[in-house]
Novice: 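I'd like to ask you about the structure that follows.
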Amino acid sequence: MAIQTINPYNNKEVKSFEEFSAETVEQKIAQADQTYQVWKSVPVKERSVLLMTVASILRKRKEELAKLITLEMGKLIAQSEAEIDMCASVYEYYAQNAATFLEDKPIEVKDGKAFVRYTPIGIILAVEPWNYPFNQVARVAAPNIMAGNVIMVKHASNVPQCAQAIEEIFRQAGAKEGIYTNLFLSSPKIAKIAEDSRIVGMSLTGSEKAGSSLAEAAGKNLKKSVLELGGSDPFIVLEDADLDKAVQNAVKGRFGNMGQACTSSKRIIVVEEIADKFLEKFKEKLTGLKIGDPMERDTQVGPLSSEEAAKKIEEQVNETVKAGAKVVLGGKRIAREGAFFEPTILTDIKPGMVAYHEEIFGPVASFYKVKDEKEAIALANDSTFGLGGSVFSQNIDRAIEVASQIETGMIFINEHAASRPDLPFGGTKRSGYGRELSELGIEEFVNKKLIRISDK
Ligand code: NAP
């Protein structure tokens, strides 16, 4: 895959970049390793000054950086700005809380003393996706840099300018060369880099295929890995839900970022008592939206991230419809230049159809009418994915009971799934393993070292 900016609004190439040579990669790993030897002993307070500076630069340069996101992957400009804010808050969160998270954890023992001390481990290699090009990186960079590790990032090939900008922001914030390194690399090179003993941990956010390939390389070299992979999140609406609130959340949850979020509410599952009413309101909210340039503030439907992404969704929808599903809204490419696809609702989806089993990474809601709560849970769990999900009910005890039966890493009650710095994020089943964000996120790549003191 070429490393290049192609504006998905018109599919025109803007800029392309050369992949790093093997010598450049070696020189960058050597620099990162040298910096790590110093950074690992820098007091947490000093590390937090760096991240607070990064956050403040992000906020100051928000407009310019948001435009870069929109240019490279087509996100609506207001949502790109919101991403920069969110990203800044991730750096601030770890800058402010890491000292507490990294405190020694005493262990109660019958004799003497024991505690766990968190110590850094080295260079962490992060492979990141384009859908939140600044925020996904922050989720790995912030906790690890605070923990005393250093980071090398191989970003998605379609967001090279965002990738460079992040490295440049660290430089502007005064980070020593090697604390944060951008790597222009093609994916097949990852397996080779994984063999390098100076790289001690690997994290990937992306598809199952990429995750499995990274996990294989990590496993072969006995390295810890974290995988944040795809999802097909269930969005369950029970008969006692606040209907308008549920519809509003379904629209945002499924169509935010043009449906290109791992935790998008991809499967809308509504009990039959209110299903028709829900569908009517849902469709109404998605009709007549303004299609256009994602840089314009009044645009409501922008392009997908790339022409390939739009083609893939077209294929998935066509195959599902050919197998018998119905299109209630949309269902095709928008007849204009650029990577556009109509906001779509599919119904009558059955096991065996593409939309039933695969993740659709775009503006397509799979709508299911089920008999009752029991059927909703069974359908929700009939998936190889296990990332997030939502339950809507005004009876919170009931919603918690349903939530506890759903096989995912996260469940949101009466709201669509979203990431926040203080809440752990991650999945189970084929959605990956490990956690980002919150206290759990900083624990992934540290040595939890036992220190035992005898009193004998
Ligand atoms: P992708 O193709 O897997 O790409 C993600 C990253 O992995 C990119 O940097 C890509 O580089 C790299 N990559 C691709 N194949 C690889 C391989 N064989 N070995 C090592 N690295 C490889 O995924 P995407 O289509 O960009 O992103 C969408 C997917 O990410 C969806 O499934 C979505 O659900 C998931 N996602 C998950 C989360 C989460 O937190 N769970 C968050 C966001 C997205 P190139 O660009 O150079 O190919």
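Note that ligands are numbered from 1 as they come in the structure, with each ligand's atoms numbered from 1 the same way. Predicted model only: the values in this text are computed from it and were never measured. Nothing fancy with the numbering, it's 1 onward along the sequence.
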Novice: Here's one to test your reading of the geometry: is the NZ or CZ of Arg254 within 45 degrees of the ring axis of Phe235 and under 6.0 Å from its centre?
Specialist: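 Checked: cation-pi criterion not met.
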Novice: Report yes or no: does Asn149 contribute a side-chain atom to a donor-acceptor pair with the main-chain N or O of Gly122 at less than 3.5 Å?
Specialist: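 At least one qualifying donor-acceptor pair exists.
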Novice: Taking the side chain from Asp422 and the backbone from Tyr93, do they hold a donor-acceptor pair closer than 3.5 Å?
Specialist: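 No, the answer is negative, given that no donor and acceptor are paired below the 3.5 Å cut-off.
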Novice: Looking only at protein heavy atoms, which one is nearest to atom 35 (C) of ligand 1, and what is the separation?
Specialist: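 Looking at atom 35 (C) of ligand 1, the protein heavy atom closest to it is Gly206 O, 3.3 Å.
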Novice: Heavy atoms only: which of Ala194, Gly409, Ser187 lies closest to atom 14 (C) of ligand 1?
Specialist: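 Shortest heavy-atom distance from atom 14 (C) of ligand 1: Ser187.
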Novice: Just let me know how His155 lines up against ligand 1, side chain, backbone, both or neither, with a heavy-atom cut-off below 4.0 Å.
Specialist: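 Contact part for His155 vs ligand 1: backbone (N, CA, C, O).
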Novice: If only atom types and distance count, is the side chain of Lys75 paired as donor or acceptor with the main-chain N or O of Asn131 below 3.5 Å?
Specialist: yes
Novice: From the options Ser306, Gly427, Ser157, Gly231, select the one whose nearest heavy atom is closest to atom 46 (O) of ligand 1.
Specialist: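 Considering heavy atoms of Ser306, Gly427, Ser157, Gly231, the nearest to atom 46 (O) of ligand 1 sits in Ser157.
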Novice: Using heavy atoms and a 4.0 Å limit, tell me yes or no: is Gln136 in contact with ligand 1?
Specialist: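 Right, Gln136 reaches ligand 1.
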Novice: Would you please determine whether Leu387 falls within less than 4.0 Å of ligand 1 on a heavy-atom basis?
Specialist: yes
Novice: Would Lys224 count as a cation-pi partner of Phe445, with NZ or CZ less than 6.0 Å from the six-membered ring centre and within 45° of the ring normal?
Specialist: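 Judged by the rule, Lys224 and Phe445 form a cation-pi pair.
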Novice: When you measure from atom 28 (C) of ligand 1 to every protein heavy atom, which one gives the shortest distance, and what is it?
Specialist: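 Its nearest protein heavy-atom neighbour is Phe361 CE2, 3.5 Å.
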Novice: Side chain, backbone, both or neither: which part of Leu229 has a heavy atom under 4.0 Å from ligand 1?
Specialist: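 The backbone, only.
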Novice: What is the closest protein heavy atom to atom 36 (N) of ligand 1, and at what distance does it sit?
Specialist: Cys262 CB, 3.5 Å
Novice: Quick one about Ser56 and Thr53 (side-chain donor to acceptor, distance below 3.5 Å, no hydrogens or angles considered), yes or no?
Specialist: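 Short answer, no.
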Novice: Pick from Met73, Gln161, Lys12: which one makes a side-chain contact (heavy atoms from CB on, under 4.5 Å) with Thr5?
Specialist: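 Option passing the side-chain contact (heavy atoms from CB on, under 4.5 Å) with Thr5: Gln161.
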Novice: Using modelled atom types and a 3.5 Å cut-off, is there a donor and acceptor pairing between side-chain atoms of Asn182 and backbone atoms of Ile166?
Specialist: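 Checking the backbone N and O of Ile166 against the side chain of Asn182, no donor-acceptor pair under 3.5 Å is found.
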Novice: Could you tell me the residue and atom name of the protein heavy atom closest to atom 24 (P) of ligand 1, and the distance to it rounded to 0.1 Å?
Specialist: Trp130 NE1, 3.4 Å
Novice: Is there a side-chain contact between Arg267 and Tyr356, using heavy atoms and a 4.5 Å cut-off?
Specialist: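 Arg267 vs Tyr356: side chains apart.
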Novice: Report yes or no: does Arg139 have a heavy atom closer than 4.0 Å to ligand 1?
Specialist: yes
Novice: May I ask whether Phe425 has any heavy atom positioned less than 4.0 angstrom from an atom of ligand 1?
Specialist: yes
Novice: Tell me the protein heavy atom at minimum distance from atom 7 (O) of ligand 1, and give that distance in Å.
Specialist: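 For atom 7 (O) of ligand 1, the nearest protein heavy atom comes out as Val127 CG1, 3.3 Å.
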Novice: More than 12 foreign heavy atoms under 6.0 Å from CZ of Arg198: is that the case here?
Specialist: yes
Novice: To which of Glu359, Lys312, Glu228 does the heavy atom nearest atom 32 (O) of ligand 1 belong?
Specialist: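 It is Glu359 that holds the nearest heavy atom.
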Novice: Closer than 3.5 angstrom, by distance alone: can the side chain of Gln260 be matched with the main-chain N or O of Ser305 as a donor-acceptor pair?
Specialist: yes
Novice: Any protein heavy atom lying closer than 4.0 Å to atom 4 (O) of ligand 1?
Specialist: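 Under the 4.0 Å cut-off, atom 4 (O) of ligand 1 has no protein heavy-atom neighbours at all.
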Novice: Are any non-hydrogen side-chain atoms of Tyr180 and Val54 less than 4.5 angstrom apart?
Specialist: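 They are not in contact (no side-chain heavy atoms under 4.5 Å apart), so the answer is no.
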Novice: Starting from atom 44 (C) of ligand 1, what is the nearest protein heavy atom, named by residue and atom, and what distance separates them?
Specialist: Asn131 ND2, 3.4 Å
Novice: Just heavy atoms, cut-off under 4.0 Å: does Thr205 contact ligand 1 by side chain, backbone, both, or neither?
Specialist: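 For Thr205, backbone and side-chain atoms both sit under 4.0 Å from ligand 1.
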Novice: Could you tell me the residue and atom name of the protein heavy atom closest to atom 9 (O) of ligand 1, and the distance to it rounded to 0.1 Å?
Specialist: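 Atom 9 (O) of ligand 1 sits closest to the protein heavy atom Glu128 O, 2.8 Å.
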Novice: Any idea which protein heavy atom is nearest atom 19 (N) of ligand 1, and the distance to it?
Specialist: Ser213 OG, 3.1 Å
Novice: Is it the case that ligand 1 has an N or O less than 3.5 angstrom from some N or O of Lys266?
Specialist: no
Novice: Quick check: does any side chain N or O of Arg297 sit under 3.5 Å from a backbone N or O of Ile77, one acting as donor and the other as acceptor?
Specialist: no
Novice: Could you work out, for atom 23 (O) of ligand 1, the closest of Ser264, Ser207, Gly211 by heavy-atom distance?
Specialist: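 Of the listed residues, Ser207 has the closest heavy atom.
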